[in-house]
Amino acid sequence: MRQRSLVPSRAVACAVLALAALAPAPLVAQSSLFGTRGLGIPGRAQSVRALGTGGSFGMFDGGSSENPAALSDITVLTATFTGMQNFRSSSAPSGSVSGRDTRFPQITVAGPVGRRPFSVGASYSTYTDRDFRVATTSEVQLRGVPITSSDTLTSRGGLNDLRLGVAWRGPSAWNVGAAFHLITGSARTELRRGFSDTTYSPVFQTAEISYAGVGVSVGVLHAMGPITFAAMARTDGDANVDRDSTRVSRVGLPASFGAGLRYDAGPRLDLAAQGIYRSWSAADAALIAGGGTGAQNTVDLAVGGEYTTDLRRPYRRPIRFGAHYTRLPFPVLAGERPSEFGVALGSGTRFLEPRSRREVAGLDVALEHVWRREGTGYRESAWLITFGVTIRP
Amino acid sequence: MRRSTSVVAAVVLLAGLAACQEKLEAPGECPGICPGDRSTVFDTVITASVGQDSTFGPTNVGGFVAAGQGNSLQLANGLNGVDARAVARFTARPESLVINDTSYAYTVDSVALGVTLLRRDPAATGLAIEIYRLSSAPTLDSTRTFAQVDADMVPANLIGVIPVPDTLTSGVLLKVYKGAALDSVAIPAADAGILAIGYRLTSTSATGARIGSAATGTAGPEFVSYLTLATSDTALLHQPPLPRIVAYNGFVSSVTTVPDSTTITVGGIPSSRALLRFDIPPHIRDSSTIIRATLELTPLAATSGLPGDSVALDVRTVLADLGAKSPRLSDPATRVITALLTLGSMDTVRADVTSLATLWQPPNHLPPALFLALQPEGSSFTQAVYGSTRQGVAPRLRLTYVLPYPFETP
């Protein structure tokens with residue numbers, strides 16, 4: 001059978017085309033009903049490959065940003081671009097709406113340091129997403145007269161995580177890594193209020209809320225025969241919150257601890273599971289002080305696997321599958337416990353340079369269906385189509 | 001290879017097309033995800049700064065618009081116990097006309113004297129405007145007193161009467177003189193061609209009227225002569241009318257009202273204006289969104305005036321607080337607030353000044369002051385008197401506002 005391959009120039013052209021097509025979209029993840037509170041809905045700093053496994057390969061995957069030790073997996077210069085299309089349906093006691101958006105949740109560039117046992121990488125991924133628009137009508141008493149108020153709150157943006165990491169491929173299959181995280185980003189927000197009595201002028205308020213913080217993370221990978229163990233720890237300290245360049249508060253960001261196991265179940269099948277605990281309650285006090293609904297600690301759990309369909313060409317259309325369950329940190333209503341459950345399916349392919357058989361580009365896709373809920377009133381289901389372009393020039 | 005390329009390009013293009021569409025809506029719920037929950041509307045009443053609400057009028061700054069400088073002239077026949085006479089002096093009518101460097105004598109065929117009725121009491125009947133020749137025509141100006149004018153209004157000086165039809169509420173009223181009647185409007189040689197006349201309103205009951213003033217450029221008193229040149233040149237036989245423009249017009253009243261400086265008084269002759277200053281709390285002035293601002297004034301006396309007349313309170317903000325000389329913002333489309341006054345009413349007067357109050361906020365930062373006047377100014381029979389901080393009935397500003405939304409902690 002003739003080998004499918006793609007010359008580098010065409011791979012680059014495709015990547016550029018993808019970038020150009022998605023350029024207008026900001027670097028954030030999907031918008032959500034559950035991103036309206038606190039700092040938004042947390043992003044998943046994972047590659048398309050990891051997302052296809054429900055996130056279970058996140059701490060083992062060099063294209064993801066969860067574990068700096070996974071950078072050791074990168075042995076050639078690699079750049080990945082990830083785009084996500086989100087189709088969702090959200091419902092609240094007042095009714096349901098459908099929405100869609102396209103975003104860039106992850107960009108990574110990583111590669112080895114010469115012939116040394118080090119790899120370095122930089123990634124830009126979603127930390128939290130504050131993309132939403134909420135419209136309500138309510139009745140207010142103005143000068144003793146009931147007036148209908150139509151309110152629309154819009155936010156675009158969120159927090160991003162710029163990671164600079166290094167990993168060391170140590171002896172005895174021990175890989176360790178460390179990373180510095182710059183947490184930055186802004187949300188352009190606006191409020192519009194109109195009143196049924198037109199003697200009251202409409203309200204239009206805008207603000208740009210920007211965030212700045214730093215964090216560090218460390219991680220380890222260790223292979224023991226068919227089992228690979230991963231662990232990570234991360235702390236993000238506090239983030240400064242500025243409103244139109246004026247410091248308004250500091251909000252605590254979580255410390256994170258995670259561990260995972262990957263099992264090589266045979267030549268065709270890899271299985272993995274991982275869990276990450278995040279102490280989002282660090283943000284609770286600041287959010288409640290500002291009148292918000294607070295924040296809660298979360299646990300992310302994921303299981304999944306990758307099935308190789310063609311052993312001669314394992315890079316060709318593997319089947320990825322998985323599921324994840326996570327608590328969401330920012331409840332819509334104070335005291336509630338929002339959560340998310342999702343199942344995923346994914347695949348991909350790689351393109352080789354014809355003569356050297358070297359991998360020069362890749363294309364991955366993941367399809368996820370997630371369900372989010374809080375109490376009995378708030379529901380959301382979404383289809384997330386994530387595609388990634390990998391270039392290895 | 002080509003097939004792979006095509007598939008990749010198709011996927012990317014589809015993704016790109018999808019990226020152009022965005023729908024961020026999430027369902028709102030009150031209470032819960034409710035923007036209005038966190039965007040509270042506040043309502044407060046701010047009284048004028050004590051001692052900083054001032055009336056500027058004839059007693060302290062000489063007044064603003066004098067008789068004749070407004071858009072109309074007053075005629076009153078006992079209205080609210082006041083008599084008012086209008087006067088006009090026209091530019092001199094020459095003894096000859098110069099046409100193409102040649103001076104021609106002429107004879108007057110006819111003369112038209114007229115006024116434009118602007119307002120009257122529609123319920124009053126039997127109105128007529130008497131026209132009198134005034135003495136010392138060349139010297140008629142604002143120094144002429146009511147007594148002097150009234151002294152000239154004797155039958156010997158009466159040169160015409162223009163009846164006002166009961167159905168006429170506004171329009172031009174003319175008196176035309178021909179033939180022997182021309183003698184009554186002949187201009188004595190001593191007056192050097194200058195005609196000065198006075199107008200008096202008569203009626204079956206006490207009433208008043210406003211007629212047009214030349215000060216605003218239109219609708220002033222008219223004096224037009226129709227001539228025939230003393231020449232055999234048939235080309236010059238038909239001459240256009242010879243109008244004389246108003247050199248001065250004004251009116252005099254039997255009663256002079258002096259405003260009480262401890263009240264907020266607007267209107268009158270010469271007109272008074274009032275400056276109200278408010279101390280707006282910084283959190284409202286600097287960062288709130290004012291959605292409604294209402295000025296409230298408490299009348300100290302029923303607003304008097306000519307029945308049927310339309311009089312409004314004129315409210316503006318100022319570019320700088322320089323007291324009586326504060327320059328007022330005068331963009332009529334958005335920055336001049338008018339509140340129609342109801343004659344005879346003692347109800348609180350309210351004016352929506354939202355568009356002015358927002359100018360006190362960033363980025364304009366204009367002084368939080370309101371300059372009050374009356375429209376039409378220097379013309380109407382109305383003088384409105386309101387309570388002040390000195391009277392213990394302070395002007396009030398009712399502000400409805402929204403503080404900045406806590407975007408940082410949604």
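Chain A is the first sequence line, chain B the second, and so forth, proteins listed ahead of strands; every chain is numbered from 1. Below, each value reflects all heavy atoms present in this structure, side chains not excepted, and no hydrogens, waters or symmetry copies.
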Given heavy-atom pairs under 4.5 angstrom as the criterion, report whether the side chain, backbone, both or neither of [X] touches chain B.
{"X": "A:Leu142", "answer": "side chain"}
{"X": "A:Ala286", "answer": "backbone"}
{"X": "A:Phe34", "answer": "neither"}
{"X": "A:Ser91", "answer": "backbone"}
{"X": "A:Ser249", "answer": "neither"}
{"X": "A:Glu190", "answer": "backbone"}
{"X": "A:Val140", "answer": "neither"}

Notebook entry, point to check: Is the B:Phe42 ring parallel, tilted or perpendicular to the B:Tyr401 ring (thresholds 30°, 60°)?
Noted result: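 Because their plane-to-plane angle is under 30°, the rings of B:Phe42 and B:Tyr401 count as parallel.
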Notebook entry, point to check: Is chain A contacted by the side chain of B:Thr354, its backbone, both, or neither, given a heavy-atom distance below 4.5 Å?
Noted result: side chain
Notebook entry, point to check: If you tally heavy-atom pairs under 4.5 Å against chain B, which of A:Gln205, A:Arg156, A:Arg143 wins?
Noted result: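 Between A:Gln205, A:Arg156, A:Arg143, the count favours A:Arg143.
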Margin query: Only pairs of heavy atoms separated by less than 4.5 Å count here; which of A:Ser98, A:Ser155, A:Ser96 has the most with chain B?
Written below: A:Ser98
Could you check whether [X] pairs with [Y] (Lys NZ or Arg NE/NH1/NH2 to Asp/Glu carboxylate O, under 4.0 Å)?
{"X": "A:Asp129", "Y": "A:Arg103", "answer": "no"}
{"X": "A:Glu208", "Y": "A:Arg188", "answer": "no"}
{"X": "B:Asp53", "Y": "B:Arg277", "answer": "no"}

Checklist line | B:Arg273 NZ/CZ over B:Phe64 ring centroid, <6.0 Å and within 45° of normal | finding: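 That pair qualifies as a cation-pi contact.
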Next item on the list: Please determine if B:Arg292 forms a cation-pi arrangement with A:Tyr200, meaning its NZ or CZ atom is less than 6.0 Å from the six-membered ring centre and no more than 45° off the ring axis.
Entry: yes
Note to self: Below 4.5 Å, heavy-atom pairs only: which of B:Ile290, B:Thr358, B:Asp352, B:Leu403 has the largest tally toward chain A?
What the structure shows: B:Leu403
Next item on the list: Check the side chains of A:Thr148 and A:Glu139 for a donor-acceptor pair under 3.5 angstrom, ignoring hydrogens and angles.
Entry: no
Checklist line | Heavy-atom check, side chain of A:Arg130 versus side chain of A:Tyr211, under 4.5 Å | finding: yes
